[in-house]
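Because the structure is a prediction, the values reported are computed rather than measured. These values consider heavy atoms only, across backbone and side chains, with no hydrogens, waters or symmetry-generated copies. Counting begins at 1 with the first residue of the sequence.
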Amino acid sequence: MSLKMKSKKNQVHSHTGFRLGVPHGRLSSLLLSAVAMTPLISEAAEYKTHPTHHRIGTSSKKLVTAPSAVSRTQPSEVVHRSAAPNPFVAPTSETIKVSTRRRSVVDQSKAALSTIPGGVSVIDAHEVLKGRNFTNADVLAFQPGVFAQSSGGGDGLRLSIRGSGIQTGTNYFRSGILMMFDGLPVTTPAGTPYELFETLGVRYTEVLRGANAFDYGGVQLGGAINYVTPTGYDADLFQVRAEAGSFNYNKQQISSGKVIGKSDYYVSITKSYRGGYQQQTAASSFGVNANYGYRFNDKVSTRFFFRYRQTQNGYPGFLTRDQIIDNPKQAQSTYVALHSKRIQPGSKWYGNMTTIRIDDHSKLELGIDYQDAPIDIENGTTAGIWGYKTIAGVIRYSRKDKLWGRSNDMLFGIDTYSDLDAWQTTRTRTYTGTYAGIPLGTKLRHATYGGTDNYFHIRDNFELFHNFWLTAAGALDFVQRSTAVTYPTQSSLGTSAVGFTPRGGFRYVISPHVSVYGNVSRSFQPPNDWQLLSGANYTTGPAAGLTATGASLENQTATTYEIGTTGNWLHNKWSLTYYYSSVRNELLSVMTPLSQLYGNATYSNASPTVHQGVEASLETDLYKWPGGTLGLRQSYTYQDFHFKNDAVFGRNKLPGIPAHFYQGEVRLDLKNGFYAGFNTQVSSKVSGSYDDTYFAPSYHIYNANIGYEWPGKHRQVFLSFNNLANKHYASIVVPGYIAGGRQLSVMQPGDGFGIFAGISIGLND
C-alpha cells in the first residue's frame, strides 16, 4: 500500500483628547513635540500584563504623563472629498488623535500580531458571546484557514488548520496545532487533550496559521491557537450567564474578577448539559477556570493559572451517507447496544507566567505548566483507561532597539514539553464475543508512552527601510518518542531526531491602508506518542485484535511558501493569503471497522503530498448612519491537499476536508443596543476514502441571531436559530481506506433545526 499503512471591552478612540490638523511637512516635528510631552504605547505586547480598563482622568486641554494611544485616522474620516483616497499613497495631510485611554488587551494583541509577516487573526470574545457558545466550533467560526466542526455537540472537534491532522478523529488528542492558554502550552508529546477548552471564560483568542506561530515555538504545520483568559483588570466584579435551547441544552456560568492593591483575580465556574440531536450524543461538563496575578513593581509581575474540567460525551459511532440523508438522528447500532461513551473524569492544568521588564527595551518571560489528564474511553467492547501527566516550560526573551540606526525587534525562546507518566490499560467491559465468560474489568493489554519536545528558536525583525521589514528566524528541534507494550507480551520502540526549521519573510506597509507580506518556512511535526502503537495486532487470546507492537514513524516535515495582504479602505477590512506546502512523510490515518471498535486508528507516513490553499476574509460596512451600522463579514477557505504521485492513488485528493468552505453573515448593529445577524455556512463535497470514490455531499445551512445589549451596562439577551432549513448533512468525515464503490460508515451528522436563548448580567462596584 503506497500510504505505507501497516495493515490498519475598550476601543481606541478619544473622549477627552483633541485633534490636530497639520500639514504633512510639519508632521514629524509636531509628533516629536507630542512624544516629549506624553509617553506613547510603543508596542501592544509590552502592556499585556498591565491594567487596561482604567480611565486616566484628564481634561481636553492638558496631556498627562500616562501611557496613551496615538492613532492615525484615515483622511476620509475628517476631510470630505468627492473622490476616494488612493489606499496605496500616503496622505498629504494627517490627523492625530491623542487618547487618554490605554488600548484594550484585544487591540494590543491585534497590534502585536500585525508585525508578523503572515496569516494571523484575533477573535474578540465579546463578539462571540453575542450568540450561543457551546463548543469551540462556535468560537472558531469565520476564521479563514480553520476547519472546526463539532461531533454531536460535544467537545471533540474535527479541527484542522492548513490540513494539519486532517485524518485525526473526533475522540482523539488534537494533532498538528500548538494549543495554548495565555501563552503557555497545553500541547504535549501526546497532542492536545480537548476537554480543558471551555469556551466561556475567554477574553480573546489568537489564531496563528502555519509557521506564523514561530514566536510561540509553534513549528507544526497547522500553527497555533492561543486562548487568553480575562484578569481582574478586565472582568466584571460579578457576572452570570445562562443559555438554553433545543436538544435539552442548557449551560450556566458564574464568574468574578477584581483588582485588590497589587493583586488581582479572576474565577469562572461553568456547567453544561445537552441531551443531543443525534441518538447517544448526550454531553455534560463542569469546569473551573481561575487566575491570580501580583505586581511586585513596574518591572516584575507574575500570574498563576488553574483549570479543571470534567466531561462525559456519548459516542454514536459513524454513519453512511445514505443513513444521514435518510435519518441523521440515528446512531450506529453497535454503539447503541454497547452504550458507548467517553469520560474525562477530571483534567487539571496548573500554570505560571512571570514577566520581568529588564529595561525600557527588553523583557523576559518565564513560564511553566503541569497537567493531569485521565481518560476513560468506553466506546467498544473494551474500555481504554488512559493516564497522562505532563510538564512544560517556556523562556522568551525579547528586545526592541536600533541596529545600524534602524528599528530592530529580536526574540529568543526555549520551549520544552515532556511526558512524566503516560500509559493506557485496556480492560473488558462486556461479555460480547471472545469476552464471554471473562470477568468484567479483566486486563487485556497495558502500554506505556514517552516523549519530549525541545525547541530552541530565535527570530529577528529588521526595518530595512521605512515600513519595510525583513524577518529571519530559525529553530533547532530535538524530539524523542517511545512506546512499550508490557502485557500480555512485551515489546518496545523508541525514536529520536534533531531537526532545523528556518524561516524568512518580509512585511511592507505600503500606506496606512495596505500591507503586503510573504514568507518561506519549514515545519516539523513528530507523531503523537500514542500513534506509534500502530504495529501488528494480537491474533489469539483475549487480547486478539488489539495492537501488540509499535511502528516506527518518521517526523512530518514541510516547506511552505506564503504570500498575502491585509488592509482597510472604503469601509472594507480584508485579509488574503495564498500558501503552498510541499509535505514529506505526512502523518495520515485510516479508520477500519476493527480500529473503530477498539477506539483507535492505524497511522503511517504517506508518500509526498501537497497542501495549498487560499484564506480570505472581508468585513464590509454596507451602510452607516448615526444610529448604527449594517455590515457584512465573510470568510472563505480553499484547500487543495493531494498526493504528488503516489504509486496507488496517483494525484488523488486527501480525504476528510472540503476543498471549499465559506461562511458569511449580514449584521445589523444599532447604537441603542439592538443587534441582529443572518449567516450561512457552505461546504463542498468531502471525500470519505483514499480512492476518492465515496463522498459526503455538499451542503449549505442558514442561521439567524438577534439580541440586545443595554448601552453602558454589561447586560445582554440573545436568541439564536440554527440550521433554519433543517438540512441533513455530514459535518464530519473521518475517512476509511478504499471504498471501491461501497458506502463506508465514516460520517457524523450536523445538528438539525434548533432554537437557543441566552442572558448575561454583569455587575461592578
Checklist entry - For Gln612, which of Tyr578, Tyr580, Tyr638 qualifies under side chain to side chain donor-acceptor pair (under 3.5 Å)? => result Tyr578

Next on the checklist: Under a plain distance cut-off of 3.5 Å, with no hydrogens placed, do Arg503 and Asn212 share a side-chain donor-acceptor pair?
Outcome noted: yes

Checklist entry - Can you find a pair of side-chain heavy atoms, one from Phe214 and one from Tyr216, that are under 4.5 Å apart? => result no

Next on the checklist: Between Asp419 and Thr390, is there a side-chain donor-acceptor contact under 3.5 Å, judged purely by atom types and distance?
Outcome noted: no

Next on the checklist: Centre-to-centre under 6.0 Å for Tyr662 and Tyr636, is that the case here?
Outcome noted: no

Checklist entry - For Phe695, is the NZ or CZ atom of Arg321 found under 6.0 angstrom from the centre of its six-membered ring and inside 45 degrees of the ring axis? => result no

Next on the checklist: How long is the straight-line distance from CD1 of Ile368 back to CZ of Phe305, given to the nearest 0.5 Å?
Outcome noted: 13.5 Å

Checklist entry - Is there a side-chain contact (heavy atoms from CB on, under 4.5 Å) between Asp415 and Tyr417 once you walk through the steps? => result CA-CA 7 Å; Asp415 299 78; Tyr417 333 122; 3.6 Å; yes

Checklist entry - Distance only, no hydrogens: is a donor on one side chain within 3.5 Å (strictly under) of an acceptor on the other, for Gln344 and Thr311? => result yes

Next on the checklist: I want to know whether Phe412 and His457 have ring centres closer than 6.0 Å.
Outcome noted: no

Item to check | Cation-aromatic face contact Arg158/Phe147, 6.0 Å, 45 degrees | outcome: no

Next on the checklist: I'd like to know whether Thr559 forms a side-chain hydrogen bond (donor to acceptor under 3.5 Å, both in side chains) with Arg522, so could you lay out the CA-CA distance, the side-chain angles of the two residues, the decisive distance to 0.1 Å, and finally the verdict.
Outcome noted: CA-CA 5 Å; Thr559 300; Arg522 291 273 289 174; 3.0 Å; yes

Item to check | Polar side chain donor-acceptor pair, Tyr227 to Asn136, under 3.5 angstrom | outcome: yes

Checklist entry - Between Ser575 and Thr566, do the side chains contain an N or O donor and an N or O acceptor separated by less than 3.5 Å? => result no

Item to check | Sub-4.5 Å side-chain heavy-atom contact between Thr577 and Tyr517 | outcome: yes

Checklist entry - Ignoring hydrogens and geometry, is there a side-chain-to-backbone donor-acceptor pair from Ser698 to Ser684 under 3.5 Å? => result no

Checklist entry - Does a side chain donor of either Thr560 or Ser521 reach within less than 3.5 Å of an acceptor in the other side chain? => result no

Checklist entry - Parallel, tilted or perpendicular for Trp386 and Tyr388, by the 30°/60° rule? => result parallel

Checklist outcome for this item: When rounded to the nearest 0.5 Å, the distance separating CG of Asp138 from CG of Leu129 is 10.5 Å

Checklist entry - Does Thr187 use its side chain to pair, donor to acceptor, with the backbone of Gly191 at less than 3.5 Å? => result no

Next on the checklist: If we count only N and O atoms by modelled type, under 3.5 Å, do the side chains of Ser523 and Gln220 hold a donor and an acceptor together?
Outcome noted: no

Next on the checklist: Less than 3.5 Å apart, any donor N or O on the side chain of Asn703 or Asn679 sitting next to an acceptor on the other?
Outcome noted: yes

